[in-house]
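Data first, discussion second: the structure below is written as structure tokens.
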Amino acid sequence: MFDWKQDPHRRLNPLTGEWVLVSPHRTQRPWQGQVEEAARAAQPEYDPSCYLCPGNERAGGARNPRYTSTFVFDNDFAALRPDTPPDRFDQDGLLVAQGEPGICRVVCFSPRHDLTIAHMEPADLRRVVDTWAGQYRELGARESIRYVQIFENRGAMMGCSNAHPHCQIWSNSHLPNEVSKEQAAQLEWREARARCLICDYAALEATRRERLVEENASWMALVPFWAVWPFETMVMPRRHVAAIDGLDNAERDDLADILKRLTARYDRLFAAPFPYSMGFHQSPTDGEAHPEWHLHLHFHPPLLRSATVRKFLVGYELLAAPQRDLTPEAAAERLRSA
Ligand SMILES: [Zn+2]
Ligand SMILES: [Zn+2]
Ligand SMILES: [Zn+2]
């Protein structure tokens with residue numbers, strides 16, 4: 001048996017059926033990459049040039065109300081439009097395309113330009129959780145909407161052009177690729193074992209604890225065994241819940257709590273605001289029962305060894321399979337001590 005602290009090996013992601021190559025022996029090699037000072041300029045509470053701050057004009061010409069809590073609006077330059085005809089084009093199975101109706105929204109977490117999740121009050125974060133649940137239910141109730149993707153891009157490194165803490169909700173009529181893979185895996189697990197894949201995984205990690213980063217009464221945050229990004233984490237409720245609107249009162253408070261503590265830990269890791277893409281995976285809104293689905297979030301942060309040195313998925317990773325040097329166990333240990 002190989003030693004997964006020393007020997008090259010690959011790990012299976014049971015949610016997607018994909019493998020990641022792990023090369024722990026390479027963490028000893030010298031690093032000659034670029035190191036530069038991260039921009040750490042403090043943000044103001046209100047920025048007159050921010051298109052998300054209360055009372056300001058947006059790029060599309062609309063003006064934000066003087067909102068005092070979370071604020072939701074339809075994206076002015078939406079990637080999807082509700083009136084798109086759902087027609088299909090197919091030439092010999094080679095040129096295949098389909099119209100994709102959908103709705104894209106933006107959720108400002110708070111009127112404060114400078115308050116990230118890590119710095120928000122628990123009661124205000126709870127309002128964000130309730131907004132996510134309400135949007136999931138409202139958008140999902142529409143005939144043409146079969147999946148609601150809630151996600152946050154944070155930091156210029158992740159292509160986020162606006163520092164005002166906000167997330168996006170893209171909802172559309174077909175299951176996106178990643179969700180489709182995870183649905184198939186959860187369904188297969190349930191059919192083969194009459195149990196839930198993520199319930200089983202959470203129970204195993206709660207016992208082993210080596211990849212656990214944060215936990216509270218109803219949630220766990222951990223570096224998954226098959227993580228691709230150096231400090232990737234997965235956040236999951238202990239109870240089997242298919243979607244965010246199924247969370248009870250205590251679970252919603254606990255979600256706000258674990259997100260605050262996890263993002264604060266990320267910020268402490270390299271003593272700088274930590275960039276990431278995060279988002280929920282949950283049951284489709286296609287009107288079917290989905291007992292196989294277990295709600296969870298993924299955090300995909302790009303940083304590797306400092307506030308400016310990021311991991312790139314290039315070369316072998318782009319053409320063959322993702323690869324990492326730092327083991328998920330070592331990454332969890334570093335996050336726990338941050
Ligand atoms: Zn702002
Ligand atoms: Zn479950
Ligand atoms: Zn997932």
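Basis for what follows: all heavy atoms, side chains included, without hydrogens, waters or symmetry-related copies.
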Salt-bridge contact Asp124-Arg127 (side-chain N to carboxylate O under 4.0 Å)
yes

Side chain to side chain contact (heavy atoms under 4.5 Å, CB included) between Tyr136 and Gln282, intermediate numbers included
CA-CA 10 Å; Tyr136 171 82; Gln282 54 192 325; 3.5 Å; yes

Taking the inter-plane angle between the rings of Trp170 and Phe151 on a 0 to 90° scale, is it parallel (under 30°), tilted (30 to 60°) or perpendicular (over 60°)?
perpendicular

Between Leu15 and Trp226, is any pair of side-chain heavy atoms under 4.5 Å apart?
yes

If you draw a 6.0 Å radius around CD in Gln98, do more than 12 non-hydrogen atoms from other residues or ligands fall strictly inside?
yes

Arg137 atom CZ, over 12 foreign heavy atoms within 6.0 Å:
no

Nearest heavy-atom neighbours spanning Pro54 and Arg66
CB-CA, 3.9 Å

Within the 4.5 Å heavy-atom criterion, are Arg252 and Asp130 side-chain neighbours or not?
yes

Salt bridge flag under 4.0 Å for residues Glu138 and Arg105:
yes

What do you reckon, is CZ of Arg81 surrounded by more than 12 foreign heavy atoms closer than 6.0 Å?
no

Kindly state whether the ring of His300 and the ring of His298 have centres lying under 6.0 angstrom apart.
yes

Parallel, tilted or perpendicular: which one describes the rings of Phe2 and Trp4, with boundaries at 30° and 60°?
tilted

Look at Lys5 together with Asp3 and state whether they make a salt bridge at an N to O cut-off of under 4.0 Å.
no

Between His294 and His296, is the ring pair (Phe, Tyr, Trp, His ring centres under 6.0 Å) condition met? List the steps.
CA-CA 6 Å; His294 190 126; His296 59 277; 7.5 Å; no

Would you kindly check if the NZ (Lys) or CZ (Arg) of Arg310 is within the cone defined by 45 degrees around the ring axis of Phe312 and under 6.0 Å from the six-membered ring centre?
yes

Distance under 6.0 Å and angle within 45° of the ring axis: does Arg265 meet both against Phe274?
no

Can you tell which of Ile198, Val213, Leu297 makes a side chain to side chain contact (heavy atoms under 4.5 Å, CB included) with Met234?
Ile198

Spacing of CG belonging to Asp248 relative to CG belonging to Asp253, to within rounding of 0.5 Å
9.5 Å

Measuring only between side-chain heavy atoms, which start at C-beta, is Cys160 closer than 4.5 Å to Arg154?
no

Answer yes when Arg146 and Asp286 have at least one side-chain N-carboxylate O distance shorter than 4.0 Å, and no when they do not.
no

Between CZ of Arg239 and CH2 of Trp219, what distance do you get to the nearest 0.5 Å?
10.0 Å

Any Lys/Arg nitrogen of Arg208 or Glu205 sitting under 4.0 Å from an Asp/Glu carboxylate oxygen of the other?
no

Answer yes if the side chains of Ser173 and Glu100 hold a donor-acceptor pair under 3.5 Å, and no otherwise.
yes

Heavy atoms from other residues, nucleotides or ligands near NE2 of His119 exceed 12 (cutoff 6.0 Å):
no

Geometric cation-pi criterion Arg11 and Phe225, 6.0 Å radius, 45° cone:
yes

